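Input: a single structure, listed below in structure tokens.
Any value given below was found using the heavy atoms of this structure, including those in side chains, with hydrogens, waters and symmetry copies removed. Numbers restart at 1 for each chain; the letters A, B, ... are given by sequence-line order, proteins then strands. Owing to the predicted nature of the structure, the values given are computational and were not obtained by experimental measurement.
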Amino acid sequence: MVAAYGAGAAVALLAGSGPVARALSAAGAIAGAGAGLLLGLHALAGGGAWTVAVPEVVSVAGGLLFRLDALGALFLVLVSMVAAPAALYGVGYSAAYAGRYSLRWLGAMLNLFLLATSLVPLADNVVTFLLTWEAMSVASYFLVLTERDRPETVGAANWYLGMTQVGLAFLLASFLGLGAESPTLDFADLRGAAAGLSDAGRGVLFALALVGFGSKAGLIPLHVWLPRAHPAAPSHVSALLSGVMIKLGIYGLLRVGLDLLGGGPPWWGMLLIVLGAGSAVLGVLYALMEDDIKRLLAYSSVENMGIITLGVGAAFLFQSLAMPRAAALALAAALYHVLNHAAFKGLLFLGAGSVLHATGTRNMNRHGGLIHRMRWTGPCFLVGAVAIAGLPPLNGFFSEWLLFQALLPGIGVASPLIAVLMVLALGMLALTAGLAAAAFVKCFGITFLAIPRSDAAAAAHEAPVSMRAGMVALAVACAGLAAGALPVLATTGAVAAGLFGLATEPPAFRLWLTFQTPAGLARMSPPAIVVGLLGGLAVVWLAVRVFASRRPLRWADTWGCGRVGQTPRMEYTATAYAEPLRRIFSAVYRPTEDVTVDHHPESRYFVQSIAYRASILPWFERYLYEPVLARVRRWGRRAQSVQSGSVHAYLAYVVVALVLLLGVLLATGAP
Amino acid sequence: MLLFAKMLRVGMATVPLGPSLPGETELLHLVREVDRESRRLFGRALAIREVDAGSCNGCEVEITGLTSPVYDSERFGIHFVASPRHADLLLVTGPVTRNMEVPLRKTYEATPSPKLVVAVGDCARTCGVFKGSYAVAGSVDQVVPVNAFVDGCPPEPAAILRGILTALRRPLRA
Amino acid sequence: MSGLGGYALALGQAGLCLALAPGLIGLIRWLKARMQNRRGAPVWQPYLELRKLFAKEVVVSTNASWLFRLAPYVVFTSTLAVTVLLPILAVPLPLDGVGDLLVVVYLLLLGTFFLALAGLDPGSAFGGMGASREMTVAALAEPTIAMAMFALALGAGSTNLGQIVARALERPAEAVSPGYLLAFTALFIVTLAETGRLPVDNPATHLELTMIHEAMVLEYSGRYLALIEWAAALKLLIFFSLLANLFVPWGVTASPGAGALLLAALIYAAKLAVLAAVVAVFETRVAKLRLFRVPELLSVSFVLALLAITASFLSR
């Protein structure tokens, strides 16, 4: 509850928009995050679950009820971990907004958003959950809408709000279905009620919850708001949206699917695996084609959510096949990836924000050479890029390794359908890992390396101290999650085991990671890998110093076959880098290319300009959303005919409605 | 299978390099002595980058012959590389045309020390038949410091090879 | 084998791989030369080249950043780190608990990642092209490697390298099972792709437009080039070791005696020589594929790997 105080206190700082107010508002957020972090860590380290009831508020639906258990604590820690650096970063970042946009609104909404997001994992009752969920969505809507004089921002925010509300409708349906038989709407009672439902009923409820939470998590095909909303929001908000908010979709899925409904038949897990693998591959494929750095990161979030969902689906599947240990392992891997992704995606978005702040553009084809001018952002972004590509020695690798190991038992399952599915899922996971590495070579390489491609990039300046501090904090978090892989894994393992009813051991620090697979032993040692690589690097460097030539290094022009001078036009662009993959995966992309050549008026032999336009087909928008939206518009227009403008007609509607309602009440015999 | 049958049938095609032919020693001009350190360094492994500074490609055809099975420069540890950054020796042909003057200089600058230059062909030393042309900037020695010239129009691959090896004071046997 | 002796063995393995790697490249080049009916350089030529490169000056582009100078060390270290994890001379491996087959694959990917970034750094068109193509090929080869690994893991029960070798030693009949043979073929194709041999990439080409790996290193000179070349040779050695010791593990000893280790080293060198001969013959026979035909080749290897898993699954 200290978290609530800390974050809430800053909401009161709506006064003023000067630098002091910005700093204070961020300080409030950081204090709240710190409190949340302590609370969560305490609960994870062995403190039992505790509850707080506030029955006076919203008493008509049972009042507010909060409970902190292991799963909630993990997500609370997650929120706090990213919130503090993001808020710190926001101090410097929002300075650019002074005078143009309302900083009070930004600060207030940020704190409200953090408060709501921290409270969602604590909710123990339908009302509390939906209230905090909706507060989180609405606050983030306003945050996305910060730069409201840009038309694309308004469009993005509209998409976002629409999809959030649709998701909420599905969630409402799911919860109400669950609560139909239950005495109260408390989660404890819902668990009992769920046990009494039929399989078909539970399946329907699960599907409804999946749509609701899946749209928040950004699973294909409900992901379309992500690449619009995340780039449009201010960068620290993007970091929070991508790092924290979409994870709550996973939280919801776990809470409703595993905790309340208690798991289900294999098709639940298989559906999740299919959606997860699809999101992962499609997410990274679209990320590869992006030239806008923040859209690339947004699609990469879709990819990582797909990977997490794959793990969660495997957990559901193994549970339904009575393999609780394998299920716990899969879930532990997925939760570890949740933490890791929050850390490195938050870092990457903060870095992208720095780049945007310095150059004024998100288009990677206008960047270049920033590593020379941005001496802090460059290395931080590199840490994030290596982590998200899943490379040792950073944290992304350890969670992907674990996910692979967790999925392996699925190949040995008796049912051939499931075995085939697992094999394909493993293949897609491997493909995703490779493509993600390619995407982040593009993201980091084109933005930071080589020569500046525009004047803005050539004149880039480093970010102010607060922004740098935020980025460094998250980079340290990534390294910490990597070096401390074993304790973190033990913690997530304990959480996962708890959900499946297995006995948990207290988190202990071990050097080797060893666990049983059905037929053998899988072993890896994260600390040894980290130490080995860094130590090896030092040893090799020393050896080369000793044995190699003592000649000093000479600086010269880049070798260009003896050509005079080098211009930025000669280096690779983001589009060019991804072109081989565009051709190879053209079945998915359906690219169209358009080349326009302007000839000199005097002669066709001289060309004045050549314009090249390439675009890829937006499958989901064109074939899924636009037909639906077109139909909705059509119905809306038909419904408009009801609004005749005549008062008499409206009075008649009221009378008819009353008569019908009385009729229904009489028929059902309600008092 | 036909390929492998042919390989076995042809056998070893490489011809021993042998000493200079009579009259060939006048074709080789050692201009700058190669220092001991370079000679020791490039004793058994030499990377060559070929630069065409405006030649008619006659010398290039002969240089291509260097890597053929008959003359086989690789047996002396000599191999051709794709970038001057990887090279030790620049093999320059042609009178240096005005367009190729700057690229040749840039290639020389791009090569890491210690480096050598061997200029191949009459054009490289005296501008050959192109001497005095409006398009020619000068001989190779006027653009980059040359270690040895191998005269001929074009010189035989064996002569080029002997020229390189003599400049490095290496024995002519592999 | 545990304790100090174990670590000595691991280091000795790394040293042996470092020492053999350039010789392996030299052997392949010598065999190709002989097949081209010429004398060719001696087998130890790459050692002489490395020695020369370490003594040469380093020239760095003014556009390049600290990443350009860091990358060769990262590539070399990550490749060397893999050699410590491989079953080369003896099982059980002393550092068995540190990493398994997945760790090996991702360590190699780390090297590729940094090399691609280093290709982009100087801002030349060739570097960008090399980076783009290299990452494309690496990304497409990943699923095949994963599938082949899992085919092996299915048989052995885990992805632990020592366990895979031990299992194959226990059951010799499995080495000729369809699952293993298919996985071998798939992994062989991936080896050619990842190490830049024909038909995917020509290591001896001078035409920049046909380069994949070479294009990224055009800017490197001196000791950086030496580190990268050595790392490339090590990578080839690593893939050969995986092919040799996972699929044909006889020769890997279980006892730590000096005589047994020496014999293991000799058998290992013999296996490498055989694989080198196979690759040399193959490279002489085929021509390089167009870049956009390489995905077709890699999807063939993927299908083979999928079949390998199916076969392993069915035969359990």
Contact between [X] and [Y] at the side-chain level, heavy atoms closer than 4.5 Å - yes or no?
X: A:L553; Y: C:E57; answer: no
X: A:L449; Y: C:S65; answer: yes
X: C:L117; Y: A:F448; answer: no
X: A:V544; Y: C:F76; answer: no
X: A:L435; Y: C:E142; answer: no
X: A:V386; Y: C:F114; answer: yes

Could you look at [X] and say if it's the side chain, the backbone, both or neither that has a heavy atom under 4.5 Å from chain C?
X: A:L533; value: both
X: A:Y577; value: both
X: A:L382; value: side chain
X: A:F398; value: neither
X: A:P552; value: backbone
X: A:A419; value: side chain

With only heavy atoms counted, which part of [X] is less than 4.5 Å from chain A, the side chain, the backbone, both or neither?
X: C:L306; value: side chain
X: C:L67; value: side chain
X: C:V105; value: neither
X: C:A64; value: backbone
X: C:R69; value: side chain
X: C:F113; value: both
X: C:A125; value: both
X: C:L227; value: side chain
X: C:F126; value: side chain

Exercise: do A:T558 and C:E219 side chains pair donor with acceptor under 3.5 Å:
no

Taking atom types as modelled and ignoring hydrogens, do the side chains of A:E571 and C:N63 form a donor-acceptor contact shorter than 3.5 angstrom?
no

Minimum heavy-atom separation for [X] to [Y], with atom names?
X: A:I584; Y: C:P295; value: CD1-CG, 3.4 Å
X: C:T77; Y: A:G536; value: CG2-C, 3.4 Å
X: C:P143; Y: A:A430; value: CA-CB, 3.8 Å
X: A:A433; Y: C:Y106; value: CB-OH, 3.1 Å
X: A:V423; Y: C:M147; value: O-CE, 3.3 Å

Go through C:E296, C:R223, C:M129, C:E208 and name the one with the most non-hydrogen pairs under 4.5 angstrom from chain A.
C:M129

Heaviest contributor of heavy-atom pairs below 4.5 Å to chain A, chosen from C:V74, C:L53, C:V103, is C:V103

Can you tell me how far [atom2] of [Y] sits from [atom1] of [X], rounded to the nearest 0.5 angstrom?
X: C:L109; Y: A:F397; atom1: CG; atom2: CZ; answer: 10.0 Å
X: A:R582; Y: C:T136; atom1: CZ; atom2: OG1; answer: 12.0 Å
X: C:S61; Y: A:I451; atom1: OG; atom2: CD1; answer: 8.0 Å
X: C:K56; Y: A:R551; atom1: NZ; atom2: CZ; answer: 8.0 Å
X: C:T62; Y: A:Q566; atom1: OG1; atom2: CD; answer: 7.5 Å
X: C:I309; Y: A:M422; atom1: CD1; atom2: CE; answer: 12.0 Å

Steps toward side chain to side chain contact (heavy atoms under 4.5 Å, CB included) verdict (C:L120, A:K442)
CA-CA 9 Å; C:L120 281 170; A:K442 167 178 170 171; over 6 Å; no

Which one of [options] has the most heavy-atom pairs closer than 4.5 Å to chain C?
options: A:G427, A:G445, A:A437; result: A:A437
options: A:L426, A:I446, A:V539, A:T573; result: A:L426
options: A:P580, A:G390, A:G560, A:A556; result: A:A556
options: A:L431, A:V441, A:V420; result: A:V441
options: A:W555, A:F440, A:W559; result: A:W555
options: A:F404, A:Y572, A:F444, A:W541; result: A:Y572

Please step through side chain to side chain contact (heavy atoms under 4.5 Å, CB included) for the pair A:Q405 and C:L102, ending with a clear verdict.
CA-CA 9 Å; A:Q405 294 293 349; C:L102 270 168; 3.9 Å; yes

Evaluate the side chain to side chain donor-acceptor pair (under 3.5 Å) criterion for residues A:E579 and C:S132: first the C-alpha distance (whole Å), next the side-chain angles of each, then the deciding distance (0.1 Å), finally the verdict.
CA-CA 8 Å; A:E579 200 256 352; C:S132 161; over 6 Å; no

Can you confirm whether C:F292 is buried at CZ, in the sense that more than 12 heavy atoms of other residues, nucleotides or ligands lie under 6.0 Å from that atom?
yes

For the pair C:V58 and A:R554, evaluate side chain to side chain contact (heavy atoms under 4.5 Å, CB included) and give the outcome as yes or no after the intermediate values.
CA-CA 6 Å; C:V58 174; A:R554 176 159 67 92; over 6 Å; no

